[in-house]
Structures are given as C-alpha cells and as structure tokens.
Amino acid sequence: MGMSYKPLWKLLIDRDLTKGQLREMSGISTRALAKLGKGEDVNTDVLRKICVALDCSLPDIVEIIPDTPQKADE
C-alpha cells in the first residue's frame, strides 16, 4: 500500500496557503516538506504537526492507495 498527500495539497490550495507557510506554521523541516512533495514516507510526528497546525485530522491530509493486483500472463 502506498500513501498520497494529494489531500494535503488540495487543503493548502483551499486555504490559500503555500508550502512555505505550512512549514513555518507546523515547524516541520525543509527536508520533511521535500519528502512530502515527492510522495515519500515521513515520520508520523511530521503528520501530527501538520494536523495540529491546520486543525484537521489525518484523513484530511493523507490517503491510502491500495496496491493494484498484478495480472497473470495469459
């Protein structure tokens, strides 16, 4: 299973916030923000800080993407 941060980026757009403003509000590092931008895994503490800063819950910023099943060769 993978994770997508598309809900976070949509939330920032809806609230007219930049990624830099998010970083400042939440106190996350530039490296953590870069990892989010690349869709990489981050520490749950990073996600918690973002939720606190934006007054939202985890499903508001992250969605779980199920693995797609591999098709058998026919």
Side-chain angles (χ1 to χ4, degrees):
M1 293 192 135
M3 294 178 65
S4 171
Y5 303 108
K6 286 182 183 179
L8 172 60
W9 309 134
K10 183 177 180 331
L11 185 61
L12 290 181
I13 291 168
D14 291 346
R15 295 190 184 184
D16 198 28
L17 294 169
T18 65
K19 290 179 181 180
Q21 289 170 319
L22 172 65
R23 189 183 61 73
E24 291 175 9
M25 290 170 58
S26 61
I28 63 173
S29 68
T30 304
R31 179 180 169 97
L33 186 59
K35 289 177 89 171
L36 288 167
K38 294 177 185 177
E40 297 176 1
D41 291 341
V42 294
N43 189 306
T44 54
D45 190 50
V46 170
L47 300 176
R48 181 189 57 79
K49 287 179 179 181
I50 291 171
C51 287
V52 168
L54 296 178
D55 190 28
C56 64
S57 60
L58 195 56
D60 295 327
I61 63 170
V62 176
E63 67 181 343
I64 303 298
I65 308 297
D67 291 334
T68 54
Q70 298 291 326
K71 290 185 178 182
D73 290 340
E74 296 179 3

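More than 12 heavy atoms of other residues, nucleotides or ligands lie within 6.0 Å of CG in Asp14, so this atom counts as buried by the packing criterion. When the shell of 6.0 Å around CG of Asp55 is examined, it contains 12 or fewer heavy atoms from other residues, nucleotides or ligands.
Here the side chains of Ile64 and Met3 are in contact, with some heavy-atom distance below 4.5 Å. For the pair Ile28/Leu36, a side-chain contact is recorded, criterion being any heavy-atom separation below 4.5 Å from C-beta on. In this structure the side chain of Met25 reaches within 4.5 angstrom of the side chain of Leu54, judged on heavy atoms. No side-chain heavy atom of Leu58 sits under 4.5 Å from any side-chain heavy atom of Thr44.
Across all non-hydrogen atoms, the minimal contact from Pro7 to Pro59 is CB-O, 4.4 Å. Between Lys49 and Gly27 the shortest heavy-atom distance is NZ-O, 4.0 Å. Closest of all the heavy-atom pairs between Cys51 and Ile61 is SG-CD1, 3.6 Å.
Counting only distance, with no hydrogens or angles, the side chain of Tyr5 and the backbone of Lys38 share no donor-acceptor pair below 3.5 Å.
The distance from the CG atom of Leu22 to the NZ atom of Lys19 is 9.5 Å, given to the nearest 0.5 Å.
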